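Shown next, in structure tokens, is the structure this report addresses.
Sequence lines set the chain letters: A, B, ... in the order given, protein chains first and strands last, and positions in each chain run from 1. Here the structure is a predicted model, which is why all the values come from computation and not from measurement.
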Amino acid sequence: MTTTGFALPPQYDPHAVEAALYRRWLERGAFTPGSAGRREPYVIVMPPPNITAILHMGQGLDNVIQDVLIRFERMRGRDALWLPGTDHAGIATQNVVERLVAKEGKTRFDLGREAFVERVWTFVRQTGSTILEQLKVIGASCDWSRTRFTFDPAYSRAVREVFVRLWEEGLIYRGHRVIHWCPRCLTALSDEEAESKDRDGKLYYIRYPVEGGPTPHLTVATTRPETLLGDTAVAVNPADARHAAFVGKLARLPIADIAIPIIADDAVDPAFGTGFVKVTPAHDATDFEIGLRHKLEMPLVMTEDGRMEHPTRVPKSLAGLDRFDARTKIVDMLKERGLLEKIEPHRHAVRRCYRCDTLVEPRLSDQWFVKMKPLAEPALAAYHRGEYRIVPERWKATYERWMEGIRDWNISRQLWWGHRIPVFTCTKCGEQWADREDPATCRKCGGPVEQDPDVLDTWFSSWLWPFATLGWPDVTPDLERFYPGHTLVSGPDIIFFWVARMVMSGYHFMGDRPFRTIYLHGIVRDTEHRKMSKSLGNGIDPLDVVERFGADALRWTVIGGGSLGADVILDPNDLEATFAPGRNFANKLWNIGRFILAQLPERVRPLESFEQSQLPLADRWILMRANDAVAAATTSMEQFRLDEGAKRCYEFVWGELADWYVEAVKPRLASDGAGSRAAAHSVLAHCFDTALRLLHPVVPFITEELWRKVPGRQPDELLAVAPWPSFRPELVNSELDLQFLRVKQVVEKIRGIRAEYKVPPKARLRASITARGRDHRKVFEAENETIRRLAQLDELSFDGAAKRVGAYAVFGDGSEVFVALEGAIDVQQECRRLSGELIRLDQQLSGLSGKLANQQFVARAPAEVVAKEREKERAWRDQRQVLADKLRSLGCS
RNA sequence: GGGCGAAUAGCUCAGCGGUUCAGAGCGCCUGCCUUACACGCAGGAUGUCGGGGGUUCGAAUCCCUCUUCGCCCACCA
């Protein structure tokens, strides 16, 4: 016997081991697959967090899931590549640095473009990969040697290549239209970046005087009165008889005092408001369309930062006013002139900038767009062909609908931090083209050229992530080996931003899917189901959790907290209740390890050297349960039911191995019976080893730490790359399971009686079992010692005197057993207890009998179900009989 | 306006056609420092499975509907 086990402290201390273990993994290159090799690759690309990000719980969940999957596949013998990296995150990063600059009392314009970008680079280099370091703390087994950044020179080359190719294919064009504009970030946004949210607003009914109309006024309804300065028409639905007489007349625009036509257009919903709509083509997407159809003027009446401005339409009193101040003032002015009919409360959707939450202002402008239909169609067709799938499937409809109705993608941003758009224009001849290299002069006339000042949408670089990270456009060994990837793990919030676009770019540029499976997990929320966020202050800092409970506890909780695709609810106000179970489980595992390691000799005989059928019942049972855990863990992983696998392993370790097997085997460990003891060692070692392997993907630190302490382990061996256990169907044996179940039931009944009669723990007890029928008696006799130990009996006999006195229990389930404990009992109490049992049994029995008496059931239910129920009924009747006899013999009424 | 998801023990959730399927963890109650673990051990209480209809021999489990929450999409000016 060694003393390894008891040399360990009785409590697991994550801090003592986590960092060192992570270092060992890195030193051994456990996370770095080669570019060549015979083993089948398995690839996950990490959704690159923003370069400025610090780890939050959502990313914690996302990355733990990825790590579990990658560790599982690695152990299964795949060449597992988890490729990490960061996103330069155009708007987000620029905003962060702008705030820094603002602290010095400056704006980015004070610094100038070049200096500002340099400033961002400095910032990025200083604080850049904080989040990647944090991922190491939670155990992420990424291949850090392949870390990428969307602004790396090589990556930037891929971005540029993509742009130029799309340009050459005619899929990029300059669009003049109303787009989403953030007046704070001073840039255009894509449709996805302008998040729509409902909010309570107001609907203003405003009178416009009409020249020569049926009435002196018409009334329009609007939520944005300030935009009336940009109105160039009033529209009605052509089918709206109420207002037909107005069409062709002129309305007088209040305040701006301009005559505008009254027109008819199908886009107008006659049921909304008054049926009259003010048309502001430069500040509303629908109105822009109307404007095009009717060849209306499209004056911009606001500056880029959202202040009112126009040489003729905006009066001096309003010029320069912020749009919301202007709204207030214009409403006042309208009131004064009697042109404000009423204001109604109105709930409607407003769009906000996804980076700064500012209300987006629709604005007519020139931007670069990508035609998306030609990209979406092949990707969607491939989806329908089943080339890649989405888990859980309920996202199918959402995905398909977006892909089917896809709109062109506005990719130009009026920012400085990002990939500069590689479009060049000759100032002399006007030639315009996209170029892979920066041209010195015009390719046509040799004149001077200017590059487009804008940068690309951040997502225009991240949608290339699955192949640009592998060296594309060059055909590198990595690209050939690791594309296409396998699983993409993400929250559903970026399904359009990123996931769908990656699929499109994958098919378009690589001719193949970027991954086979898209697993969309849930969102981390608090107990009120609010998304965890900094602004709400309901966040949980993952690093704080690691500090207090250990990385494995964090991982355990987020994995166990959500089933397939379900949200994970965590309580920020009770971290103890939330994370202690994970910590406690780790501690349990640790102590099982302490115990087992203390028992094992230097050399443990291989399990195969024992004739399995000769092993004691408990041994064969626990080996079977271990085998069952292997099956459950494996299929759960394959089906993304990580919680299920983890819970099954938990049950195996705690509920089966620790609670039953270890307790049952203790006497054998202390005995001199060499064979029995050696077998116990082998079984313990096998079960412990299996448990560690199965649990490693979820709780990698503690399992690695324990695994390396097992006798005979070579110093350079790592559990992280050890083989995943294989399921052995030949071990499945339900009869065996039943036999051990009977032992458990006997023990539990005796314990129950002990508690019920408040038998002092130290009191001496004897019990006697009478097994009726079958071979159960053999089982009980063989397990005499085990039962005695587990039920804390001094003596266990069979048949005989048991019926005379004592508390009493009957077993169902096909076996008929009774147990009696000797000692003083209260007959009254015993009668009450047993009658209670009888009543319960009768209830169950009558339900079951009724069911079996039902002709419909017997006729229509599957034969095996009926047979099973018959068998059960027979057993229960026997059980009832025995119980009733006992009651009679006690003289109960 | 359309679509999706959720509603099961005090809390967070699992179960998703067959009476040991009414469960787990936390919390609660009663005993225990039984030589691995008090971050533990043993025993225990708690739920008309959101309401109402339906399908079925049989429903927490399938269908419809209502209510309440949450999310996504949409040119609600």
Whole-Å P distance, B:A38 and B:U19: 39 Å
Any A:Lys197 side-chain nitrogen or oxygen under 4.0 Å from OP1 or OP2 of B:C71: no
Sugar-phosphate, base or nothing in reach of A:Ile592, heavy atoms under 4.0 Å: base
Side-chain donor/acceptor contact of A:Glu663 with base of B:A36 under 3.5 Å: yes
Whole-Å P distance, B:A24 and B:G43: 12 Å
Which residue lies more 5' along RNA chain B, comparing A:Ala566 with A:Val268 via nearest heavy atoms: A:Ala566
Distance test, side-chain N/O of A:Trp654 to OP1/OP2 of B:C41, below 4.0 Å: yes
Closest-nucleotide ordering on RNA chain B, the 5'-leading residue of A:Pro581 and A:Phe272: A:Pro581
Among B:C76, B:C72, B:G43, the nucleotide that comes nearest once only the side chain of A:His346 is considered: B:C76
Touch class at under 4.0 angstrom, heavy-atom based, for A:Glu869 against every strand present: sugar-phosphate
Side-chain H-bond candidate by donor/acceptor type, A:Tyr12 with A:Asn591, under 3.5 Å: no
Sugar-phosphate, base or nothing in reach of A:Ala859, heavy atoms under 4.0 Å: nothing
Stems formed with participation of RNA chain B [Watson-Crick or G-U wobble, under 3.5 Å, three or more pairs]: B:1-7 with B:67-73, B:10-13 with B:23-26, B:28-32 with B:40-44, B:50-54 with B:62-66
Touch class at under 4.0 angstrom, heavy-atom based, for A:Arg641 against every strand present: sugar-phosphate
Nearest-Å distance for atom pair CZ/C1', residues A:Phe595 and B:U35: 10 Å
All pairs passing salt bridge (Lys or Arg N to Asp or Glu O under 4.0 Å) where residues 576-586 of chain A contributes a residue, at least two apart: A:Glu576-A:Arg583
From B:A77, B:C37, B:A74, nucleotide with atom closest to A:Arg594 side chain: B:C37
Sugar-phosphate, base or nothing in reach of A:Arg407, heavy atoms under 4.0 Å: sugar-phosphate
Any side-chain donor near an acceptor of the partner, A:Lys278 and A:Thr227, under 3.5 Å: yes
Distance between C1' atoms of B:C29 and B:U46 (Å, rounded): 11 Å
B:C39 base / A:Gln11 side chain donor-acceptor hit below 3.5 Å: yes
From B:G43, B:G40, B:C37, nucleotide with atom closest to A:Ala755 side chain: B:G43
Separation between CZ of A:Phe579 and CG of A:Asp574, rounded to the nearest 0.5 Å: 10.5 Å
Closest to side chain of A:Arg525, choosing from B:C71, B:A42, B:C39: B:C71
A:Trp654 and A:Tyr650 aromatic ring geometry - parallel, tilted or perpendicular at 30°/60° bounds: tilted
Polar side chain donor-acceptor pair, A:Glu656 to A:Tyr661, under 3.5 angstrom: no
Donor on one side chain, acceptor on other, A:Glu289 and A:Thr286, under 3.5 Å: no
Spacing of the C1' atoms in B:G70 and B:G58 (rounded, Å): 34 Å
Touch class at under 4.0 angstrom, heavy-atom based, for A:Glu651 against every strand present: nothing
Touch class at under 4.0 angstrom, heavy-atom based, for A:Arg583 against every strand present: base
Sugar-phosphate only, base, or nothing, as touched by A:Ala349 at under 4.0 Å among non-hydrogen atoms: base
Touch class at under 4.0 angstrom, heavy-atom based, for A:Asp198 against every strand present: base
Sugar-phosphate, base or nothing in reach of A:Arg351, heavy atoms under 4.0 Å: sugar-phosphate
Pairwise C1' distance, B:G25 and B:U8 [rounded to whole Å]: 15 Å
Side-chain donor-acceptor pair present, A:Glu195, A:Tyr354, cut-off under 3.5 Å: no
Gap between atoms OH and C1', on A:Tyr12 and B:G40 respectively (whole Å): 19 Å
Short side-chain N/O contact to B:G3 OP1/OP2 from A:Lys396, under 4.0 Å: no
Nucleotide B:G23, atom C1' - distance to OH of A:Tyr650 in whole Å: 14 Å
Side-chain ion pair, A:Arg789 and A:Glu785, N-O less than 4.0 Å: no
Sugar-phosphate only, base, or nothing, as touched by A:Asp571 at under 4.0 Å among non-hydrogen atoms: nothing
